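Have a look at the structure below, then the notes.
For clarity, every value in this text was computed on a predicted model and none was experimentally measured.
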Amino acid sequence: QVQLVESGGGLVQAGGSLRLTCAASGRTFSMYAMGWFRQAPGKEREFVAAMSASGPGTRYGDSVKGRFTISRDNAKNTVYLQMNSLKSEDTAVYYCAARLGTYLPSRISDFGSWGLGTQVTVSS
């Protein structure tokens with residue numbers, strides 16, 4: 001399995017932007033589909049975005065379409081989540097996840113590896 005470490009979270013005003021980074025260990029990163037999920041206090045973990053192993057296939061949750069963009073750099077074993085036009089309801093812990101294979105996943109159960117998360121707080 002691949003080990004994942006998220007970074008880039010923080011406090012931002014509504015309307016602002018943040019870019020999250022997920023660094024993955026291992027030499028087979030390009031074989032993994034990657035995803036981002038988030039979990040707000042008292043709520044279930046929610047799908048945010050995913051990208052296929054080879055790209056450019058992507059999928060987004062309805063609440064972030066048009067505002068968030070997932071991308072990856074296989075040479076750096078890294079996946080990014082660019083978040084623009086942030087809203088207070090985007091406040092959550094954001095998790096990076098990985099799934100081995102070519103499938104473009106979106107369900108929590110699809111992913112076998114998870115990071116510990118990074119906090120994003122959007123002030124209104």
Side-chain angles (χ1 to χ4, degrees):
Q1 288 193 348
V2 63
Q3 274 70 52
L4 305 172
V5 178
E6 303 95 336
S7 62
L11 175 64
V12 63
Q13 288 188 333
S17 299
L18 277 177
R19 188 177 79 158
L20 304 184
T21 299
C22 174
S25 64
R27 295 175 291 178
T28 58
F29 177 73
S30 61
M31 298 174 64
Y32 284 81
M34 300 299 297
W36 288 96
F37 289 76
R38 66 187 183 186
Q39 188 165 17
K43 295 188 177 182
E44 294 185 350
R45 193 166 295 192
E46 173 189 21
F47 171 73
V48 174
M51 191 167 196
S52 60
S54 59
T58 57
R59 179 178 291 176
Y60 295 92
D62 289 341
S63 61
V64 306
K65 284 180 181 176
R67 299 188 299 123
F68 290 12
T69 303
I70 187 171
S71 62
R72 65 191 295 161
D73 185 338
N74 285 345
K76 296 182 178 179
N77 281 15
T78 302
V79 63
Y80 306 97
L81 184 68
Q82 178 66 44
M83 306 186 295
N84 298 328
S85 302
L86 283 162
K87 307 175 182 179
S88 57
E89 50 263 43
D90 294 318
T91 295
V93 177
Y94 283 71
Y95 298 91
C96 178
R99 175 196 166 100
L100 183 65
T102 58
Y103 176 65
L104 182 58
S106 62
R107 300 173 299 180
I108 292 173
S109 59
D110 289 334
F111 292 87
S113 298
W114 292 84
L116 296 180
T118 185
Q119 175 71 47
V120 172
T121 303
V122 183
S123 62
S124 57

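Thr21 has its side chain within reach of Thr78: a pair of non-hydrogen atoms, C-beta onward, lies under 4.5 Å apart. Side-chain atoms of Tyr80 and Thr69, non-hydrogen and from C-beta on, never get closer than 4.5 Å to each other. Using a 4.5 Å cut-off on side-chain heavy atoms (C-beta onward), Thr91 and Gln119 make contact.
Each of Val48 and Leu104 belongs to its own hydrophobic cluster when Ile, Leu, Val, Met, Phe, Trp and Tyr are linked at side-chain heavy-atom distances under 4.5 angstrom. Both Val2 and Met31 are members of a single hydrophobic cluster when ILVMFWY side chains are connected at heavy-atom separations under 4.5 Å. One hydrophobic cluster, built from ILVMFWY side chains closer than 4.5 Å, holds both Val93 and Phe111. Under the 4.5 Å side-chain heavy-atom criterion for ILVMFWY residues, a single connected hydrophobic cluster contains both Leu100 and Val79.
Looking at every heavy atom in both residues, Leu4 comes nearest to Ala24 through CD2-CB, 3.7 Å. Closest heavy-atom contact between Phe47 and Arg59: CZ-O, 3.6 Å. Ala53 and Gly101 get closest at one heavy-atom pair: CB-O, 3.6 Å. Considering every non-hydrogen atom in both Pro105 and Asp110, the closest pair reads CB-CB, 3.4 Å. Here the shortest heavy-atom pairing between Arg38 and Ser63 reads NH2-OG, 3.2 Å.
The CE atom of Met34 sits 3.5 Å away from atom SG of Cys96, with the distance rounded to the nearest 0.5 Å. Atom CG of residue Asn74 and atom OH of residue Tyr32 lie 12.5 Å apart, to the nearest 0.5 angstrom. Atom CZ of residue Arg99 and atom CZ of residue Arg107 lie 8.0 Å apart, to the nearest 0.5 angstrom. Of the inter-residue distances, the one linking Met83 atom CE with Arg19 atom CZ reads 11.5 Å to the nearest 0.5 angstrom. Rounding to the nearest 0.5 Å gives a distance of 10.0 Å between CG of Leu86 and OG of Ser123. We find the CZ-CG distance between Arg72 and Asn77 to be 9.0 Å, quoted to the nearest 0.5 Å.
A salt bridge links Lys65 with Asp62; the closest basic N to acidic carboxylate O contact falls under 4.0 Å.
Checking side-chain atoms of Glu6 against main-chain N and O of Leu116 turns up a donor-acceptor pair under 3.5 Å.
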Checklist line | Worked check of side chain to side chain contact (heavy atoms under 4.5 Å, CB included) between Leu18 and Phe68 | finding: CA-CA 10 Å; Leu18 277 177; Phe68 290 12; over 6 Å; no
Next item on the list: Go through the steps to decide whether Ile108 and Glu44 satisfy the test side chain to side chain contact (heavy atoms under 4.5 Å, CB included), and finish with yes or no.
Entry: CA-CA 11 Å; Ile108 292 173; Glu44 294 185 350; over 6 Å; no
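One side chain, Ser25 or Gln3, offers a donor N or O that lies under 3.5 Å from an acceptor on the other.
Among the candidates Tyr94, Trp114, Tyr95, the single residue satisfying the ring-ring contact (aromatic ring centres under 6.0 Å, His included) test with Phe37 is Trp114.
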